[in-house]
Amino acid sequence: MRFRLAAAATVTVMVGALVTGCSGSGGGDDKTFQFWSFTGINQKADVEKYKEAHPDITVKLTEVGSTQETAQALTAALAGGKVPDLVLIQGDDMPNFVANPDNFVDLSTMGADDISGDYLPWVWDQAVAQNDAVIGVPTDVGGMSMAYRADLFEAAGLPSEPDAVAALWPTWDDFISVGQQYVAATGKPFLDNAGTSVFFQTVNQVDEKYYTPEGELVYDTNPQVKEAFDISIKAIEAGITANVPAFSTGWSTGKTNGAFAAMAAPSWMLKSIKTDAPDTSGQWRVTTVPKVAGNWGGSYLAIPKRAANPEAAWAYIKEMQSPASQLKNFTDTGALPSTVSAYESTAIADYTDPFFGDSKIGAVLGKSLQEFKPFFNGPETATIGSAMINTVTDVEAGNTPPDKAWDVAMKAVKDALGG
C-alpha cells in the first residue's frame, strides 16, 4: 500500500499499456484466466499453490503496481479497455467499484450466496451493492497491533515484554509520552512515522469515519476524524517520529538498523518486518495498539463483467479463499482471515512466531477485531485518506506548519474530490 500519488505520466503509460496490451481474455476456456493483483503481497505464491493443485490450469498473473495504480488501471479497463478475468481490489478502493455494480459479475449468480455465511458479516457486506449484487469475496483483514524492538526498549530502560508494554499506553497520549521517554533516554526517534503508525491507526478506530452510515460525507465535520488527525500532529510536535515514510527504502532498512523502535503492524505488515530485517529475528515483539480495537487492511477478489473466463476465475476464488485456505494462508504468510470459523477456533488465538519472541500475535490481532466497531466506507474513502495522510507526511517533513495542518488537509481533500 502506498499513499503518495504516482506521477501522472507514469500512471498514464502503465494504465495504457495494460488496457491495450493485456488480453483481458484468458484464452476463451475454463482452464485459463488472467489475474491482476497489486504488488507487495506476493500473490504469486497463491497462484503457484493453485497451479500445483491444478497443473492443467494456466493463470496469467500481472502485478500492476500499488493498490492505487491497480485501481486506476482497472477503472480505465472498465471504461472500455480489455479487462482481466480476476482482479484483487484493496478494501478502501472497493466502495468506489461497489457503487457501479454493473461493471462486475454478480457473484451471487455463481454461488456466492452459498458461501457468504463463511465470512465476517461486516467484511462481506462491504462488497455488496445497493442492488444486492455481490461484487467481491474478501481475502483477508488487517486487525491492528504495534511491533517494537524489545532490545531497544530495554536499552532505553523501558519494559520489553508485550503485556507490560501494552500497560504503558492505554491511550494515544500515553503512547506519545512513552515515545518521549524513549527519545530522552536514547537520543533516537521512537516511531517510524506519524502517518501510518498514528493517523492511519487512530482514524481506523472510530465508529464513524469519512461517511455517515447513510453515505453522507462528514470527513470535515466528524470530531472523531479531527481527533485522529490531531493526535498524529501531536506525535510530530512531540519529536518522537523518524520521518521515515512507510514503504520507502529508508523504512525498509530502518527495521534493521534501529532507525526507529516501534511501528504499526496490522497482520499483513508483520511479514514485511521479517522480509526486510531477517537478522533481527527474536528482537521484535508484538502488542496491542492504544485503545486496542481497530482494523487496517483487507482486500477482495472480483470478476469484471466482460471477463472472458469468469468460471475459471470463480473456481480460483472458491478454492483459494475458503475458510481452510485462508487459515493456512495466515500461518504461511500472516494474512489475517476474513472467515468466521478462524476466530471460533484456537488456530488464531494460539498463534505465535519465534521471530517476534513468541508474542501472542494471534490473540492481539483477534482482540483488535473483536472490539472493532465497523463503519461505513464510501466511494471516496481512499481518496480522502490519501489526501489527509499526505498532509501529515508534509507536516512531518517540515513543509506544512502544524497549526495550519487541518486547514491544509481539508483543502487537499476538497481538491482531490474535485472542489
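Here the structure is a predicted model, which means the values were calculated and not measured.
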Are more than 12 heavy atoms from other residues, nucleotides or ligands located less than 6.0 Å from atom CG of Asp163? no

Using atom types as modelled and distance alone, determine if a side-chain donor or acceptor of [X] lies under 3.5 Å from a backbone N or O of [Y].
X      : Y      : value
Ser338 : Pro138 : yes
Gln224 : Val206 : no
Asn193 : Pro245 : no
Ser145 : Val289 : no

Geometric cation-pi criterion Lys255 and Trp251, 6.0 Å radius, 45° cone: yes

Taking the six-membered ring of Tyr343, is the NZ or CZ of Lys367 close enough (under 6.0 Å from the centre) and on axis enough (within 45°)? no

Ring pair (Phe, Tyr, Trp, His ring centres under 6.0 Å) assessment of Tyr210 paired with Phe375: CA-CA 9 Å; Tyr210 305 139; Phe375 46 75; 8.2 Å; no

Salt bridge [X]-[Y], side-chain N to carboxylate O under 4.0 Å:
X      : Y      : value
Asp230 : Lys234 : no
Lys49  : Asp332 : yes
Asp353 : Lys274 : yes

Judged by modelled atom types alone, do Ser322 and Ser325 share a side-chain donor-acceptor pair under 3.5 Å? yes

Under 3.5 Å side-chain donor-acceptor pair for Asn390 and Thr393: no

Taking all non-hydrogen atoms of both residues, which atom of [X] and which atom of [Y] are closest, and how far apart?
X      : Y      : value
Leu369 : Asn295 : CD2-OD1, 3.5 Å
Gln205 : Val292 : NE2-N, 4.0 Å
Val165 : Pro159 : CG2-O, 3.4 Å
Gly258 : Leu152 : CA-CD1, 4.0 Å

Value for OH (Tyr351) from CG (Leu336), rounded to nearest 0.5 Å, stands at 10.5 Å

